Amino acid sequence: MAAPVLQLQAVERRYNQAGSPLEVLRGADFSLWAGQSAALIAPSGAGKSTLLHIAGLLERPDGGDVFIAGEATSRMDDSARTALRRGEIGFVYQFHHLLPEFSALENIILPQMIAGLARDVAKKRAWQLLNYLGLSKRGGHRPSELSGGEQQRVAIARAVANGPRLLMADEPTGNLDPKTAEHVFETLDSIVRSTKLATLVATHNMELASRMHRRVTLIEGRIVELP
């Protein structure tokens, strides 16, 4: 059987709070395979964002290890972690974080060029994604000229532009009305199914969570599978 795209092995994370350690993750174990989507459901303050940051190599754990496609990352230096993150992991947040001075098309082109692709290749890929998401007529518009749902769909396109194996999403529909949230989720789901991405989504939306392959939560710093 192929290695999981994401594997957390006995991951620990603690912070110093008023002179006392605050343990957020206590030996957390989790595996996610290609083509799987998992909803991370937990109350605010339970550690969802911390978990996503560690799984996405934005933070280092205090113990344990994070494996990306079977490759251990705990002993990697920062440059190696950055290279792995850029090539293998895409991120979508509650707020789109698009660069306001650039068009939708340019926002999708830029991360590809940072990864080393030639501009003409990156541009072709960006147009393909915009067409796939039904946004071909909006490519020349800046974020301020797009609706909230359109901005978030561009953010999804940007996250998958480099062909990652793993997609991390932190409340991707949390700032949208129910109808727009549904549209954005369908966009996300369509891309996940067509590309076989492994996807971990932190969400409070139970209806959307119920449509993912798996649901997990955080209980006393450990990841627990839900029915």
Side-chain angles (χ1 to χ4, degrees), residues 1-8 28-56 68-69 88-98 108 128-135 138 146-219 222-227:
M1 186 176 183
V5 174
L6 170 67
Q7 183 179 13
L8 274 61
D29 295 308
F30 178 70
S31 296
L32 188 66
W33 280 265
Q36 277 191 341
S37 59
L40 174 59
I41 308 160
S44 297
K48 296 192 301 297
S49 293
T50 296
L51 176 60
L52 290 180
H53 288 171
I54 288 175
I68 303 296
E88 301 289 359
I89 306 172
F91 295 89
V92 181
Y93 298 97
Q94 179 174 351
F95 299 99
H96 53 79
H97 296 303
L98 298 175
I108 303 170
Q128 288 173 340
L129 286 166
L130 286 172
N131 282 322
Y132 183 79
L133 298 180
L135 292 170
R138 309 294 278 165
L146 303 174
S147 70
E150 287 172 338
Q151 291 171 352
Q152 198 65 315
R153 285 152 65 200
V154 172
I156 292 171
R158 178 185 59 186
V160 302
N162 285 336
R165 299 190 197 196
L166 174 64
L167 182 65
M168 317 289 289
D170 194 354
E171 296 288 355
T173 62
N175 200 38
L176 304 172
D177 64 81
K179 184 176 180 179
T180 304
E182 172 70 20
H183 196 179
V184 168
F185 178 81
E186 288 176 353
T187 297
L188 186 62
D189 186 58
S190 176
I191 284 182
V192 167
R193 292 179 186 278
S194 65
T195 60
K196 302 301 181 184
L197 273 167
T199 309
L200 180 60
V201 182
T203 183
H204 285 103
N205 190 322
M206 297 302 294
E207 197 279 325
L208 297 185
S210 70
R211 291 154 58 184
M212 298 184 202
H213 295 115
R214 297 165 59 193
R215 283 151 295 285
V216 297
T217 190
L218 281 165
I219 298 177
R222 296 180 181 270
I223 300 171
V224 177
E225 202 87 19
L226 294 171

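Please read all numbers here as calculations on a predicted model, not as lab measurements. As a basis for the values below, the full set of heavy atoms in this structure was taken, side chains included, without hydrogen atoms, waters or symmetry mates.
Separating the CG atom in L51 from the NE2 atom in H53 is a distance of 10.0 Å, to the nearest 0.5 Å. Here the straight-line distance linking atom CE of M168 with atom CG of L197 works out to 12.0 Å at 0.5 Å rounding. One distance of note links OG1 of T187 with CG of L135; it measures 7.5 Å at 0.5 Å rounding. Taken to the nearest 0.5 Å, the CE atom of M206 stands 4.0 Å off from the CD1 atom of I41. Atoms CG and CE, from D189 and M212 in turn, are 8.5 Å apart once rounded to the nearest 0.5 Å. The CD1 atom of I156 sits 11.0 Å away from the OH atom of Y132 when rounded to the nearest 0.5 Å.
In terms of heavy atoms, T203 sits closest to A39 at CG2-CB, 4.2 Å. Residues R165 and A69 share a closest heavy-atom pair of NH1-CB, 3.2 Å. A198 approaches V5 most closely through the heavy-atom pair CB-CB, 3.8 Å. Here the shortest heavy-atom pairing between V92 and A159 reads CG2-CB, 3.6 Å.
Checked by atom type, the side-chain pair S49/D170 shows a donor-acceptor distance below 3.5 Å.
Around CZ of R215, the count of heavy atoms belonging to other residues, nucleotides or ligands within 6.0 Å exceeds 12.
No donor-acceptor pair under 3.5 Å is formed between the side chain of H213 and the backbone N or O of A38. Listed for the Q152 side chain is a donor-acceptor partner under 3.5 Å among the backbone atoms of Y93. With K48 contributing its side chain and L40 its backbone, the two residues share no donor-acceptor pair below 3.5 Å. Side chain of T217 to backbone of V224: no donor-acceptor contact under 3.5 angstrom is found. Judged by distance alone, with hydrogens and angles left aside, the side-chain atoms of R153 form a donor-acceptor pair with the main-chain N or O of L133 at under 3.5 Å. Under a 3.5 Å cut-off, the side chain of S210 and the backbone N or O of E207 do form a donor-acceptor pair. A donor-acceptor contact shorter than 3.5 Å is absent between the side chain of E88 and the backbone of L166.
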Residues L52, F91; criterion side-chain contact (heavy atoms from CB on, under 4.5 Å); working and verdict = CA-CA 10 Å; L52 290 180; F91 295 89; over 6 Å; no
side-chain contact (heavy atoms from CB on, under 4.5 Å) evaluation trace for L167 with T199 | CA-CA 5 Å; L167 182 65; T199 309; 4.1 Å; yes
Where do F185 and N205 land on the side-chain contact (heavy atoms from CB on, under 4.5 Å) test, with the steps shown first?
-> CA-CA 11 Å; F185 178 81; N205 190 322; over 6 Å; no
side-chain contact (heavy atoms from CB on, under 4.5 Å) between L130 and I108: does it pass, once the steps are laid out?
-> CA-CA 9 Å; L130 286 172; I108 303 170; 3.7 Å; yes
